[in-house]
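Single-structure report; data block below.
In listed order, ligands and their atoms are each counted from 1.
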Amino acid sequence: MTVISKHIASLAESQSLAMARRVNQLRQQGVDVVSMTLGEPDFDTPMHIKQAAQQAIADNYSHYGPEKGILPLREAICKRMQGYTPEEIIVSVGAKQAICNAVMALVDEGDEVIIPTPCWVSYSEMVKIAGGTNVFVKTTADADYKLTASQLRASVTGRTKLLIVCSPNNPTGSVYTKEEIAQLVEVLKEHPDIYVISDEVYSSIMFDGTKELVSEGMRELRERVIAINGVSKTYAMTGYRIGWMACHNKEILKACTVLQGQYLTCACMVAQKAAEAALDGSQDCVEQMRCEYAKRRELAISLLNEIPDIRYITPAGAFYVFPDVSKYYGKRFCNQIITNSDDMANYLLDEAHVACVAGSAYGEDKCLRLSFATNEADITEAIKRIKNALSLLYK
Ligand code: PLP
């Protein structure tokens, strides 16, 4: 019998954090581990943003602020996101909190939330906090790991309240096209009580000219879409913890403002000033980082192409590639049989000293998530080690 509430007791620990802990332990023992687990930019926050944070401290941004965030920041966000007014923005402690606010504001006990998998680890846990029911819909590599209109239609029930889409996607890197979004809109038009959270935190990291955003493609559903973004991935500011929701629905905005006012007051004022400088300043740093990720993506893909019997989709965005390694399941190394993605991730860590995150964490046990938010030398070494380790497995 636990003293912990049933919703909180049901939460899972983050597998990527557990993996990071194992990597640290091994490194402390002197093992040379190459990691492709990082879920954040490996770049430093650009200098002009750091200076803005220092200036904010000097200017005494040390008091409570408005619960929705300071107006100049909300104005700066509106310049980067088309079609919103500052009243339609709520600044939070990272995109994570913005998503959690939206889920808690919308989901009642027993409401169903459709989450296409593979997906980021936290959505389902947020739904559990709200007492909702996760309805996972498995997408396939053949469909570029994207939810199809027919899958969406088949998963809707009388209890469906919310759909959470992430594009560019963590962990698959897939990005919905205009046509695919339009097809989802057609289904959602048949169900006027379903809301959509569009997680767009990787929107600045897209490749090959791709640029579609789900919230923009869903403009027709104006009152039902909540767009989520933040400065973490775009400006290498994960530790500043600034994210936001943009939404036209006054009722949702009001609920999230009250909710946030009660349990947060406001996001860190110094970090808000830094985020304002990031959004208002030159965007050259964003493009430089994007180009760097693009080069690393090419490198990672060219190396993965040399490994037999794996399959992946070329990521159109974000900084992850999600190869299917399941053809190696059932094989063994020294009497240890690899039966799933956790076994595989552990084998790679123990034998090849390469860290990656098991696909099971994201709802796809055939795959591993490799992050290319790391330097080219590490990407080369990690994938070389993976290739070698896979070649040592035998039936
Ligand atoms: N959404 C996705 C898909 C993510 O991968 C992450 C972070 O890893 C977040 C949201 C949270 O971002 P933030 O740092 O803004 O809270």
Side-chain angles (χ1 to χ4, degrees), residues 14-20 36-43 45 49 69 73 77 80-81 89-104 113 115-127 139 145-147 162-176 196-206 213-215 226-246 256 260 264 267-268 271-272 274-275 278-279 286 289 293 315-322 357 359 361-364 369-374:
S14 159
Q15 284 191 35
S16 48
L17 291 182
M19 186 48 116
M36 289 190 83
T37 58
L38 209 60
E40 61 174 325
D42 57 322
F43 300 106
T45 306
I49 302 174
L73 172 57
I77 292 167
R80 302 259 155 239
M81 296 186 78
I89 308 292
I90 302 177
V91 174
S92 297
V93 178
K96 200 173 223 178
Q97 195 206 357
I99 302 167
C100 204
N101 281 347
V103 170
M104 288 205 281
V113 179
I115 305 179
T117 61
C119 65
W120 182 51
V121 292
S122 294
Y123 303 133
S124 56
E125 306 312 292
M126 292 172 184
V127 171
T139 65
Y145 294 116
K146 288 184 262 188
L147 180 72
L162 185 62
L163 163 69
I164 305 181
V165 213
C166 178
S167 173
N169 186 274
N170 173 9
T172 64
S174 57
V175 177
Y176 285 79
V196 181
I197 292 179
S198 171
D199 182 348
E200 303 175 352
V201 295
Y202 294 97
S203 60
S204 68
I205 310 169
M206 291 203 240
L213 289 181
V214 170
S215 63
I226 301 164
I228 303 287
N229 217 320
V231 294
S232 285
K233 318 286 174 174
T234 307
Y235 301 99
M237 290 175 70
T238 45
Y240 284 75
R241 309 305 303 127
I242 296 292
W244 56 84
M245 70 159 61
C256 291
Q260 180 156 294
L264 172 74
C268 167
Q272 288 193 57
L279 290 154
V286 179
M289 288 189 262
Y293 293 129
F319 40 63
Y320 309 105
V321 57
F322 198 58
V357 188
Y362 310 96
E364 179 46 272
R369 190 190 77 169
L370 307 180
S371 159
F372 47 88
T374 190

For this session: Please name all residues satisfying salt bridge (Lys or Arg N to Asp or Glu O under 4.0 Å) with Lys96, sequence neighbours left out, ordered by chain then number.
Result: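 With neighbours one apart ignored, the set is empty.
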Numbered atoms of ligand 1 (with element) below 4.0 Å of [X], judged on heavy atoms:
{"X": "Lys96", "answer": "11 (C), 13 (P), 16 (O)"}
{"X": "Ser232", "answer": "13 (P), 14 (O), 15 (O)"}
{"X": "Tyr123", "answer": "3 (C)"}
{"X": "Cys166", "answer": "3 (C)"}
{"X": "Tyr202", "answer": "3 (C), 4 (C), 5 (O), 8 (O)"}

Distance to 0.1 Å, residue and atom name: give those for the protein heavy atom nearest to [atom].
{"atom": "atom 1 (N) of ligand 1", "answer": "Asp199 OD2, 2.6 Å"}
{"atom": "atom 16 (O) of ligand 1", "answer": "Arg241 NH2, 2.8 Å"}
{"atom": "atom 15 (O) of ligand 1", "answer": "Ala95 N, 2.7 Å"}
{"atom": "atom 8 (O) of ligand 1", "answer": "Lys233 NZ, 2.6 Å"}

For this session: Please test Glu40 against Ser232 for side chain to side chain contact (heavy atoms under 4.5 Å, CB included), starting from the C-alpha separation and ending with a verdict.
Result: CA-CA 8 Å; Glu40 61 174 325; Ser232 285; over 6 Å; no
Exercise. Looking at Tyr293 versus Phe43, is the centre-to-centre ring distance below 6.0 Å?
Worked result: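 Yes, the ring of Tyr293 comes within the 6.0 Å limit of the ring of Phe43, centre to centre.
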For this session: For Met19 and Thr37, run side chain to side chain contact (heavy atoms under 4.5 Å, CB included): C-alpha distance rounded to whole Å, both residues' side-chain angles, the deciding distance at 0.1 Å, then the answer.
Result: CA-CA 8 Å; Met19 186 48 116; Thr37 58; 4.0 Å; yes
Problem set entry | Distance in Å, Trp120 CH2 paired with Asn170 CG, rounded so as to fall on 0.5 Å steps | 8.0 Å
Exercise. In Å, rounded to the nearest 0.5 Å, how long is the span from CD1 of Ile115 to CE of Met126?
Worked result: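 If I round to the nearest 0.5 Å, the distance is 10.0 Å.
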Problem set entry | Candidate list Val201, Ile228, Asp199, Val214, test side-chain contact (heavy atoms from CB on, under 4.5 Å), partner Cys166, passing option | Asp199
[X] to ligand 1, any heavy atom closer than 4.0 Å:
{"X": "Gly94", "value": "yes"}
{"X": "Gly230", "value": "no"}
{"X": "Gln97", "value": "no"}
{"X": "Thr238", "value": "no"}
{"X": "Glu40", "value": "no"}
{"X": "Tyr240", "value": "no"}

Problem set entry | Pick from Tyr320, Trp120, Phe319: the one approaching atom 11 (C) of ligand 1 most closely through a non-hydrogen atom |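 Of the listed residues, Trp120 has the closest heavy atom.
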For this session: Report the C-alpha separation of Leu147 and Val165 in whole Å, then their side-chain angles, then the decisive distance to 0.1 Å, and conclude whether the side chain to side chain contact (heavy atoms under 4.5 Å, CB included) test is met.
Result: CA-CA 9 Å; Leu147 180 72; Val165 213; 5.9 Å; no
For this session: Heavy atoms only: give me the nearest Pro116-Leu163 pair and the separation to one decimal.
Result: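 In this case the closest contact between Pro116 and Leu163 is CD-CD1, 4.2 Å.
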Exercise. Which of these passes ring-ring contact (aromatic ring centres under 6.0 Å, His included) with Tyr320: Phe372, Tyr202, Tyr145?
Worked result: Tyr202
